[in-house]
Amino acid sequence: GSGVLIEAGDTAHGTELWYGARTENSAHLLKDFVPGQGSGLSSPQFAAFKGRVLFAAKTPEQGCEPWITDGTVEGTQSLGDLNSGVADSRPLRFTACGDRAFFVAETADDGNELWITDGTLSGTHLVKDINPDTASSTPYAFCPFKGGLLFSALDADHGEELWFSDGTREGTRLVSDISPGPANSDMGTPIVRGERAYFTATGPDGRHGIWSTDGTAAGTTEEKIGLAATDTKLTERNVEWLSALGKLFFTRTTAVEGEELWVSETDGSNAHIVRDIHIG
């Protein structure tokens, strides 16, 4: 847009929300969430949404809760006191999906669960208490996919596994129990290519590999990339998608080359080392 949101502090206001237009000496305090020298912002996650910005801020009355701003004082509004009173809901992972945005928030009644907003107070609500009662499902690894959200969540029966939500309680479901039973699949953040999303996960054999999904249980499969299980080691931080090249890039550890950069087609075929950078 025409300016930038800034988390900044001064001796009069503490660390608060500022706005700066694209001209010299234009920055001004947008809102003093904690009046005086107290700080209302602490490393917030700003997320663009429908021409505005979602973020978390703390006030003396509500604690740390979700807010939205259009860069004006009048357009900086609370999206609710989700965890009633001064307790924090600590919202994070704001992720836009069309005309809605998913995020994570914690309440005394439901624990840390999946929430959604349309940018209004009345349109901000819990999607589903995936891990019932006060237990937390701790959703993470958010990825917009087919009009909804792919993510990882925890429950007592399945551990941390792959879920999908269309933004409704009924449409929030387990996609696949990749590591069966209460064991965790430890999945990484999915990366979308066409009709499928790719991610790393620990399968039923205990090996961490590259998986893909079309959003269904039957369509969630491990990508076979050539080497024996004993020669393969993948970690979630090492899978990257480069759309300009149309490939999957990842690190792989083998007995011959050690841990190096590899590449394959998106279906796992033609996997090969890019270069043995540290020889041997």
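The shown structure was predicted, so the numbers you read here are calculated from the model rather than taken from an experiment.
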Just by distance, with hydrogens left out, do [X] and [Y] show a side-chain donor and acceptor under 3.5 Å apart?
X	Y	result
Glu161	Ser185	yes
Ser176	Thr220	no
Thr107	Asp109	no
Ser212	Glu223	yes

Query - Any side-chain heavy-atom pair of Trp211 and Tyr198 under 4.5 Å - result: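 Result no, sub-4.5 Å side-chain heavy-atom pair not found.
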Query raised in the report: Is there a side-chain contact between Asp155 and Ser137, using heavy atoms and a 4.5 Å cut-off?
Result: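 Counting from C-beta outward, Asp155 and Ser137 never come under 4.5 Å.
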Query - Presence of salt bridge, Lys146 and Glu195, under 4.0 angstrom - result: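 A salt bridge links Glu195 with Lys146.
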Query raised in the report: Does the distance from a Lys or Arg side-chain N to an Asp or Glu carboxylate O, for Asp99 and Lys50, drop under 4.0 Å?
Result: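 Here Asp99 does not pair with Lys50 in a salt bridge, since their nearest N and O are not under 4.0 Å apart.
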Report task. Look at the aromatic rings of Phe164 and Phe145 and report parallel, tilted or perpendicular, splitting at 30° and 60°. Result ->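 Correct class here is perpendicular.
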Query raised in the report: Is there a donor-acceptor contact under 3.5 Å from the side chain of Gln62 to the main chain of Gly85?
Result: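 Answer holds: no.
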**Report entry** Over all atoms of both residues, closest heavy-atom pair of Leu92 and Gln45
**Finding:**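 The pair with the smallest heavy-atom distance is C-OE1, 3.5 Å.
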Query raised in the report: Does atom NE2 of His278 have more than 12 heavy-atom neighbours, drawn from other residues, nucleotides or ligands, at distances under 6.0 Å?
Result: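 For His278, atom NE2 is not crowded (no more than 12 foreign heavy atoms under 6.0 Å).
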